[in-house]
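Okay, structure first, notes after.
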Amino acid sequence: MVDRDKLIRSKEKWAQEGRLLAPDPGPQESKGRERLPVGQRLVKDWPVLDLGTQPNLNPKDWTLNVLGAVKRPFKWSWDDLQRETPVERTSDIHCVTAWSRYDNRWRGVSMNRVIELAQPKPDAKFVILKSYDSYATNVPLADLQRDDVLLATHWEGQPLTREHGGPVRLVVPHLYFWKSAKWIRQIWFTDRDSPGFWESRGYHMYGDPWKQQRYGSDK
Ligand SMILES: Nc1nc2c(c(=O)[nH]1)N[C@H]1C(S)=C(S)[C@@H](COP(=O)(O)O)O[C@H]1N2
Ligand SMILES: [Mo]
């Protein structure tokens, strides 16, 4: 608990001080977008970042609750998830603590499939993701309706490990990785945006790595 509080306080401090913000290189349109966003460095390993509590979930005990501003709320068990057609996507990770990792091969169920089943109501504009470690994060609905957004169960052909969010985590590759909730438990559709764990501690509501939206109010 002490370690956890220390980690949270130091990350809050980063947000207050605007740490890791690299100088803005100016408009890059003409050169085309670099693969590595400004202020990031490439890593080959895969760091583990969370609040220090890693839920130990037997897949048989995992359930996903899809609810809120939808026409058809539903619950999935692990077996329900297995009945869905798996998809594979390869994408890059960009973490707000300034590491990026290229070419992660994920397998899982497309988020578009979840959205298709749930049928969001017209006023559902945001989604709040909640996890088994009581973590939460917010993402606009439109950002989940992308072909590379998955509920991932596998990484590089292997079941997702506990430390990386197994049995099931979200992967939203075009936003900073704190939006990719590990040990996902609930997907809540809503008309109102509301900050999650890091967003209420100084981190950006949206988190676009290409605009360096690390901290709140574009500091
Ligand atoms: N449930 C949960 N999901 C989470 C977190 C967390 O603490 N709890 N941390 C986030 C942060 S800050 C990052 S950078 C990534 C890290 O994922 P990784 O440990 O697989 O690299 O998970 C995100 N998803
Ligand atoms: Mo992070």
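Just follow the structure's listing: the first ligand is 1, and inside any ligand the first atom is 1.
- Here's the thing with D133: one of its N/O atoms is less than 3.5 angstrom from an N/O atom of ligand 1.
- For atom 16 (C) of ligand 1, the closest heavy atom belonging to the protein is L49 O, 3.4 Å.
- The side-chain contact (heavy atoms from CB on, under 4.5 Å) test with R101 singles out one residue from D92, V43, L42, and that residue is V43.
- Residue K11 touches ligand 1 through its side chain alone, judged by heavy-atom distances below 4.0 Å.
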*asked:* Could you go through D143 and Y206, starting from their C-alpha distance and side-chain angles, then the distance that decides it, and tell me whether this counts as side chain to side chain donor-acceptor pair (under 3.5 Å)?
replied: CA-CA 10 Å; D143 287 85; Y206 184 63; 2.5 Å; yes
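- At least one N or O atom of W46 sits closer than 3.5 Å to an N or O atom of ligand 1.
- Considering backbone and side-chain atoms together, L51 places an N or O closer than 3.5 Å to an N or O of ligand 1.
- Checked by atom type and distance alone, the side chain of K182 pairs as donor or acceptor with a backbone atom of L49 at under 3.5 Å.
- Judged by the 6.0 Å distance and 45° axis criteria, R201 is positioned over the aromatic ring of F197.
- Under a 4.0 angstrom heavy-atom cut-off, K179 registers as lying outside contact with ligand 1.
- Look at R185 and you'll find every heavy atom at least 4.0 Å from all atoms of ligand 1.
- Seen from the ring of W106, R89 does not count as a face-on cation partner, given the 6.0 Å and 45° thresholds.
- If you number the atoms of ligand 1 from 1 as listed, the ones under 4.0 Å from a heavy atom of C95 come out as 14 (S).
- Applying side-chain contact (heavy atoms from CB on, under 4.5 Å) to K179 and the options H174, E199, H204 leaves one that passes, E199.
- Contacts between W198 and ligand 1 below 4.0 angstrom, taking non-hydrogen atoms only, involve the side chain exclusively.
- Distances from ligand 1 to the non-hydrogen atoms of Y132 include no value under 4.0 Å.
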*Would D50 and Q54 satisfy side chain to side chain donor-acceptor pair (under 3.5 Å), going step by step from the backbone distance to the final call?*
CA-CA 8 Å; D50 49 53; Q54 300 176 339; 3.0 Å; yes
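- Between Y203 and W198, a ring centre-to-centre spacing shorter than 6.0 Å is recorded.
- For the pair P47 and ligand 1, the shortest N or O to N or O distance falls below 3.5 Å.
- The residue among D50, T53, L170 with a heavy atom at the shortest distance from atom 7 (O) of ligand 1 is D50.
- Ring orientation note: the planes of F177 and W46 are tilted relative to one another, at an angle of 30° to 60°.
- Residue Y135 holds the heavy atom nearest to atom 10 (C) of ligand 1 of all those in W183, Y176, Y135, F197.
- Ligand 1 is never approached by G165 to a heavy-atom distance shorter than 4.0 Å.
- Residue R169 places at least one N or O, backbone or side chain, under 3.5 Å from an N or O of ligand 1.
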